*Asks:* 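Got a structure for you, questions after.
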Amino acid sequence: MRLKILFALLLLTMLHATAQNAVVEESVTEVECISATHAIVHFKEVTTILNEHGAERATFVCSCSKNDKLARFKGQVTDATGRILRKFKESELKRTEYSPYLAIDDVKMYLEYTPPVYPVTITYEWTMESHDNLIEFPWFCPQKDYGISVKKAVYRLTAPKEMAIRHTLLNIDKAVMTSDDGKTLTLEINDLPALKQEPYSRPLRERLPMAYFAPTDFIYYGTKGSLSSWNDYGKWEYSLINGREALPEDVRKEIHQLTDGLKTDREKVAALYQHLEKTTRYVAVLLGIGGQQPAAAASVSKSGFGDCKGLSNYMRAMLKEIGIASNYTTISTTNRRLLSDFASVGQMNHVILQVPLKGDTLWLECTNPQLPLGYLHEDIVGHDAIVISEKGGEFVQLPAYADSLNSLHEQIGITLSAEGGADIKISQTASYREYERLRPLITMDKQEFQRALLHTTSVPQAVICQSEIHEDKEKVSLSLNADLSSKGFATVTGQRLFVPLCPIHKGFDIPYSNKERTEELFFQYGCQDKSNITLTIPNGYSIEAMPKDVSIEKPFGRFSLHLSQQDSIIQIEYCLLLKKGSYDKQLHAEFSDFVKSVGAAYGQKVALKKNAPTTIE
């Protein structure tokens, strides 16, 4: 099942070469920082949309709140000759307060527009005014997607001379210029070619030209802090959570009843993690400083809900009550890497909890305690994070699982009939990331589960006779067992049966692109798939032809296929290991060939021939 996704993704991405869809003619961001608590930002975006694939660039959206107000807006659309097709006024903007969060200060002001022809050039100009929340300034990121080139982009920031401003550049080879009076920073870049989307390349965010700007010292909703280092950032974050761990007396008693009889700290952590699962649910509330400060533990225990900040702080409070130390930890679910030498709040969007036990450190995902205790899910595994304590912030990297642990192991028994039908027994064990990928099956009803199971096999005319699924959180694994029957598993041709080697994985014809690759190969996760298949051939048939063994070893992975036969039994063993990491772009053709070879190996068949009748003389 894992391989279907892998190969289908490669096929789709290789077939979809990203053309240029839009040109940013001019992008201007002018920040006028009047004081530590007041700034005005002017934006201008002039974009030529070349085709319907770039049409979403015609939509205008900005986020507003009681502290970030839209002060001015205008726009216009021109065709290729410069003729004005449409003008937009601020009164035409629509407002929505829709949000996945329970409560949030932000509202969206937006304008939807579909170009009647292509190309068209759309110009939007608007001004935002901010008060009391200048913890960082708008990012510089004129190239926001694949297929967009940039002719000219300018970022200009003016601030009082006594205000220290920090900045850092990513994927930009130009320097930020400082004015003679030291008040203005200017960054200008020109002629950025469109980024090409390629299969198995680094995430887009890691390829985009970007610049971050932030004050060294800030005032945020009345709190003061410093971003001179991650340590100083951590001190400010700690000031927001310190004192918010107090719990009501009845909750404290319940915590002790749950844990006092347990022997080890790990058992106690597990008991409270289960308690968190049973008594809370994730609901986000982002009001004012609540976007950074967690709800008090007493409030979460009373209401039964909280966001990542509130739930992590609540778990921290429960652990503190029984004498187990833990640390509030900020992390990003979208950025693998944080900037080690540039502290800023906007790099993170999530909070988890670090529990440093003797001989082991647990990382708790408190927004989803249905996950196994300490399991690092795919949105955070291996990511950089900032551990918050009274000493400040500590830059760390979460562990990553070995490729071989992200495994899918299959035991398959196939009993073939002379008519080409088959009874098939499938037993799968998925571990770690493969467990996480298949975990949604657990919550499906019987019909949904069986439809999903049939969709992931290659068995023609399959009927599910029996199926079951079981989760083992201790082993971070999922076991799936199913009995299938098929009336047309093998192809019948005269006196022969052509029998697929593997009823799970299909063969794939992966095209090879002759276009020169620009990006290195990148695999964020590795995995290991093993299949052990026993094929019992029907009486009266013998093997006419059987595929040869296959063994392929490459820097990015290895694959093997081994077949053996004894009497009427054929044993088939597959093993595929894909290794996470970055690899030279010159290996792209080699990887494409590897994928084709693996797909072909899974798609092979055994040829059986009906024995001639025995004659008695």
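Any value given below was found using the heavy atoms of this structure, including those in side chains, with hydrogens, waters and symmetry copies removed. On a predicted model such as this, the values are computed, not experimentally measured, just so you know. Throughout, residue positions are numbered sequentially from 1 according to the sequence presented.
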*Asks:* Counting neighbours of NZ on Lys610 that are heavy atoms of other residues, nucleotides or ligands and sit closer than 6.0 Å, is the number greater than 12?
*Replies:* no
*Asks:* What do you reckon, is CD of Glu553 surrounded by more than 12 foreign heavy atoms closer than 6.0 Å?
*Replies:*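 For Glu553, atom CD is crowded (more than 12 foreign heavy atoms under 6.0 Å).
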*Asks:* Can any side-chain N or O of Asn171 pair as donor or acceptor with the backbone N or O of Leu208 at less than 3.5 Å?
*Replies:*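 At least one qualifying donor-acceptor pair exists.
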*Asks:* Can you tell me how far the NZ atom of Lys475 sits from the OG1 atom of Thr429, to the nearest 0.5 Å?
*Replies:* 9.0 Å
*Asks:* Would the distance check show the side chain of Asn406 and the main-chain N or O of Arg433 forming a donor-acceptor pair, the cut-off being under 3.5 Å?
*Replies:* yes
*Asks:* Could you walk me through whether Tyr200 and Phe522 pass the ring pair (Phe, Tyr, Trp, His ring centres under 6.0 Å) test, one step at a time?
*Replies:* CA-CA 5 Å; Tyr200 299 103; Phe522 174 74; 9.6 Å; no
*Asks:* Backbone N or O of Ile122 within a donor-acceptor pair of the Thr47 side chain at under 3.5 Å?
*Replies:*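 Judged by distance alone, no pair lies under 3.5 Å.
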*Asks:* Is it true that, when you exclude Gln466 itself, more than 12 heavy atoms of the residues, nucleotides or ligands shown sit nearer than 6.0 Å to its CD?
*Replies:* yes
*Asks:* Minimum heavy-atom separation for Ile464 to Gln450, with atom names?
*Replies:* CD1-O, 3.5 Å
*Asks:* List for me each residue that meets ring pair (Phe, Tyr, Trp, His ring centres under 6.0 Å) alongside Tyr583, sequence neighbours excluded, and say none if there are none.
*Replies:* Phe523
*Asks:* Minimum heavy-atom separation for Ile380 and Thr333, please, with both atom names.
*Replies:* CG2-CG2, 4.2 Å
*Asks:* Tell me if the CG atom of Asn539 is crowded by more than 12 foreign heavy atoms within 6.0 Å.
*Replies:*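 Atom CG in Asn539 is not crowded, with 12 or fewer foreign heavy atoms closer than 6.0 Å.
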*Asks:* Would you please name every residue forming a side chain to side chain donor-acceptor pair (under 3.5 Å) with Asp145, sequence neighbours left out?
*Replies:*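 So Asp145 forms no side chain to side chain donor-acceptor pair (under 3.5 Å) with any residue.
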*Asks:* So Phe556 and Phe591, would you call those rings parallel, tilted or perpendicular, with 30° and 60° as cut-offs?
*Replies:*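 Phe556 vs Phe591 ring planes: perpendicular.
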*Asks:* Testing the basics here: between Glu45 and Ser27, what is the closest heavy-atom pair and its distance to 0.1 Å?
*Replies:*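 Heavy atoms of Glu45 and Ser27 come nearest at OE2-OG, 2.8 Å.
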*Asks:* Crowded around Lys487 NZ? As in, over 12 foreign heavy atoms under 6.0 Å?
*Replies:*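 Count not over threshold, so no.
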*Asks:* Is there a donor-acceptor pair under 3.5 Å between the side chain of His383 and the backbone N or O of Ile331?
*Replies:* no
*Asks:* Return yes if a side-chain donor-acceptor contact under 3.5 Å exists between Thr518 and Glu198, otherwise no.
*Replies:* yes
*Asks:* Please find the pair of heavy atoms, one from Val396 and one from Trp363, that lie closest to each other, and give the distance.
*Replies:*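 Val396 and Trp363 have their closest heavy atoms at CG2-CH2, 4.1 Å.
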*Asks:* Between Glu410 (side chain) and Ile426 (backbone), is there a donor-acceptor pair under 3.5 Å?
*Replies:* no
*Asks:* Ser201 and Arg207: which non-hydrogen atoms are nearest, and at how many Å?
*Replies:* OG-NH1, 3.8 Å
*Asks:* Calculate, to the nearest 0.5 Å, the distance between atoms CG and SG belonging to Leu353 and Cys308 respectively.
*Replies:*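 Leu353 CG to Cys308 SG: 11.5 Å, rounded to 0.5 Å.
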*Asks:* Mind listing the side-chain donor-acceptor pairs of residues 540-552 below 3.5 Å, one per line with the distance, residues two or more places apart or on another chain?
*Replies:*
residue: Ser542; atom: OG; partner: Asn611; partner atom: OD1; Å: 2.9
residue: Glu544; atom: OE1; partner: Arg496; partner atom: NE; Å: 2.8
residue: Glu544; atom: OE2; partner: Arg496; partner atom: NE; Å: 3.3
residue: Glu544; atom: OE2; partner: Arg496; partner atom: NH2; Å: 3.0
residue: Asp549; atom: OD1; partner: Leu563; partner atom: N; Å: 3.0
residue: Asp549; atom: OD2; partner: His562; partner atom: ND1; Å: 2.7

*Asks:* Please check: side-chain N/O of Glu468 versus main-chain N/O of His470, any donor-acceptor pairing under 3.5 Å?
*Replies:* no
*Asks:* Could you tell me whether the side chain of Gln347 and the main chain of Leu339 form a donor-acceptor pair under 3.5 Å?
*Replies:* yes
*Asks:* Show the nearest heavy-atom pair for residues Arg439 and Gln370, with the distance to one decimal.
*Replies:*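 That would be NH2-O, 3.0 Å.
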*Asks:* Applying salt bridge (charged side-chain N to carboxylate O under 4.0 Å, His left out), name anything that partners Asp483, two or more places apart in sequence or on another chain.
*Replies:*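 If we apply the salt bridge (charged side-chain N to carboxylate O under 4.0 Å, His left out) test to Asp483, skipping adjacent residues, the hits are Lys425.
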*Asks:* Which residues pass the ring pair (Phe, Tyr, Trp, His ring centres under 6.0 Å) test with Phe489, not counting sequence neighbours?
*Replies:* none
*Asks:* Got a sec, which residues hit side chain to side chain contact (heavy atoms under 4.5 Å, CB included) with His275, two or more places apart in sequence or on another chain?
*Replies:* Glu254, Leu258, Thr279, Tyr314, Met318
*Asks:* Tell me every residue that passes side chain to side chain donor-acceptor pair (under 3.5 Å) with Asp360, counting only those two or more places apart in sequence or in another chain.
*Replies:*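 So Asp360 forms a side chain to side chain donor-acceptor pair (under 3.5 Å) with Arg266.
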*Asks:* Counting N and O atoms only, with roles assigned by atom type, does the side chain of Gln143 sit under 3.5 Å from a partner on the main chain of Pro193, one being a donor and the other an acceptor?
*Replies:* yes
*Asks:* Report the residues that fulfil salt bridge (charged side-chain N to carboxylate O under 4.0 Å, His left out) with Arg337, sequence neighbours left out, ordered by chain and then residue number.
*Replies:*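 By the salt bridge (charged side-chain N to carboxylate O under 4.0 Å, His left out) rule, Arg337 matches Asp384.
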*Asks:* What's the separation between atom OG1 in Thr48 and atom CG in Asp79, rounded to the nearest 0.5 Å?
*Replies:*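 Answer rounded to 0.5 Å: 11.0 Å.
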*Asks:* Using a 6.0 Å cut-off, check whether atom NZ of Lys144 has over 12 heavy atoms from anything other than its own residue.
*Replies:*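 Count over threshold, so yes.
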*Asks:* Are Ser427 and Asn481 linked by a side-chain donor-acceptor pair shorter than 3.5 Å?
*Replies:*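 There is such a pair (donor and acceptor under 3.5 Å, judged by atom type) between the side chains of Ser427 and Asn481.
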*Asks:* Answer yes or no: is there a donor N or O on one side and an acceptor on the other, between the side chain of Glu365 and the main chain of Thr367, under 3.5 Å?
*Replies:*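 Yes, the answer is positive, given that a donor and an acceptor are paired below the 3.5 Å cut-off.
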*Asks:* So, using ring pair (Phe, Tyr, Trp, His ring centres under 6.0 Å) as the criterion, who are the partners of Phe449 when residues are at least two apart?
*Replies:*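 Once residues adjacent in sequence are excluded, Phe449 has no partner under the ring pair (Phe, Tyr, Trp, His ring centres under 6.0 Å) criterion.
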*Asks:* What residues form a salt bridge (charged side-chain N to carboxylate O under 4.0 Å, His left out) with Lys151, not counting sequence neighbours?
*Replies:*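 Glu25.
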*Asks:* Using salt bridge (charged side-chain N to carboxylate O under 4.0 Å, His left out) as the criterion, list what pairs up with Lys554, not counting sequence neighbours.
*Replies:* Glu590
*Asks:* Taking Lys196 for its side chain and Arg517 for its backbone only, find out whether a donor-acceptor pair lies under 3.5 Å.
*Replies:*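 The answer is no, because no donor-acceptor pair under 3.5 Å joins these two groups.
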*Asks:* Could you pull out all residues at least two apart from Tyr574 that satisfy ring pair (Phe, Tyr, Trp, His ring centres under 6.0 Å)?
*Replies:*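 Partners of Tyr574 under the ring pair (Phe, Tyr, Trp, His ring centres under 6.0 Å) test: Tyr602.
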*Asks:* Side chain to side chain contact (heavy atoms under 4.5 Å, CB included) with Leu50: which of Val23, Ile148, Val120?
*Replies:*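 So the option named by the test is Val23.
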